[in-house]
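Structure first, then comments.
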Amino acid sequence: MNQFACEVRSGLAKPQKELPSKYLYDELGSALFDAITALPEYGLTRADRRILNRHAVDLPRDFACVAEFGSGSGSKTRAILEAIAPKTYFPIDVSPAALDRCTRELCGMAHIQPIEDSFLEGLDRVREAQESGALLLLFLGSTLGNFDSRCRNDFLQQVRLRMRSGDAMLIGLDLVKPLETMLDAYDDPTGVTAAFNLNLLGRINRELGGDFDIRAFAHHALYNETDRRIEMHLRSRINQTVTVTEADFHCRFRADETIWTESSHKFYADEIPEIAHATGFVSEALWVDEEWPFAESLWRAV
Ligand code: TRP
């Protein structure tokens with residue numbers, strides 16, 4: 001049984017059913033995510049890009065290499081490569097489709113070495129490939145917010161272990177904002193985010209021989225006040241049983257029972273330097289967008 005099948009099986013066996021969000025990004029999922037970033041309700045990517053366009057020139061220039069976690073289509077990265085002119089750029093992504101698009105988009109701006117892997121394994125491979133000089137790691141789009149808060153510092157420490165002093169990380173984090181604004185960003189009226197979320201069931205059908213009736217599930221986004229995060233779920237509209245042949249199991253759903261597919265934590269600007277400090281970094285700069293509360297911070301490994 002492959003890893004996807006194992007993780008689907010164990011996630012759907014939990015009392016609160018869940019599926020790992022990295023599987024949202026197959027070819028169709030990556031294209032739908034690109035569409036999300038263009039939605040009027042999803043201000044996050046535009047805020048990220050505004051800050052990068054304005055402040056790329058303020059970044060230190062002493063980096064020989066740039067690596068990026070979850071590069072996606074790479075469209076936000078252009079300003080940084082222009083300002084820094086690194087020798088090599090290593091986009092790290094689980095989606096080969098996203099890596100292809102990113103390589104085409106940024107072609108000619110550096111020597112591009114795409115790495116199809118998860119983040120820490122990908123960073124290990126950057127370390128093996130990188131000769132000398134300091135590394136700037138990009139962790140944009142509030143992707144850290146998609147980590148479970150209990151694993152977050154542990155993950156950052158694992159990143160820090162793979163860096164040398166003098167290396168840096170540029171990290172983009174979405175900030176707490178009015179409830180309606182946050183909910184609309186993850187439940188747009190045109191249904192693109194719903195399609196992105198539901199595609200995970202389509203992917204299980206295609207790759208693992210599942211028989212999910214996708215119309216019998218609905219996208220559901222909520223804000224969990226206590227944990228300060230948007231949660232994305234897939235809610236079963238009816239009582240039903242689903243079979244996933246490749247994962248060798250049946251799964252029963254009660255009406256209104258949900259599968260939890262993603263979280264997106266929201267931060268306060270004040271806590272960002274504290275997170276840096278707790279995980280072996282020093283925050284050297286923090287920029288906040290004026291239109292859409294979003295912060296970009298430069299963390300130096302010390
Ligand atoms: N890092 C993005 C975020 O937290 C990921 C994301 C955006 C996302 N929209 C989504 C994930 C919709 C799942 C569904 O905002």
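Both ligands and their constituent atoms are indexed starting at 1 by order of listing. Quick caveat, the model's predicted, so the values are computed rather than measured.
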For ligand 1, which of its N or O atoms have a protein N or O partner closer than 3.5 Å, and how long is each gap?
unit_1   : atom_1 : unit_2 : atom_2 : d
ligand 1 : 1 (N)  : G141   : O      : 3.1
ligand 1 : 1 (N)  : N146   : OD1    : 2.9
ligand 1 : 4 (O)  : N146   : ND2    : 3.0
ligand 1 : 4 (O)  : Y186   : OH     : 3.4
ligand 1 : 4 (O)  : S264   : OG     : 2.6
ligand 1 : 15 (O) : Y42    : OH     : 2.6
ligand 1 : 15 (O) : Y186   : OH     : 2.5

Do T88 and H111 get their side chains close enough for a donor-acceptor pair, meaning under 3.5 Å?
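H111 and T88 do not have a side-chain donor-acceptor pair below 3.5 Å.
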
So, are R101 and D93 salt-bridged, with charged N and O less than 4.0 Å apart?
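Looking at D93 together with R101, the answer is no, because their closest N to O distance does not fall below 4.0 Å.
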
Using a strict threshold of under 4.0 Å (side-chain N to carboxylate O), is an ion pair present between K76 and E68?
no

For H219, all residues meeting side chain to side chain donor-acceptor pair (under 3.5 Å), sequence neighbours excluded:
N197

May I ask you to decide if the ring planes of F281 and W299 are parallel, tilted or perpendicular, using 30° and 60° as cut-offs?
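F281 vs W299 ring planes: tilted.
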
Given T193 and D187, is the side-chain contact (heavy atoms from CB on, under 4.5 Å) satisfied, shown in steps?
CA-CA 6 Å; T193 311; D187 192 6; 5.9 Å; no

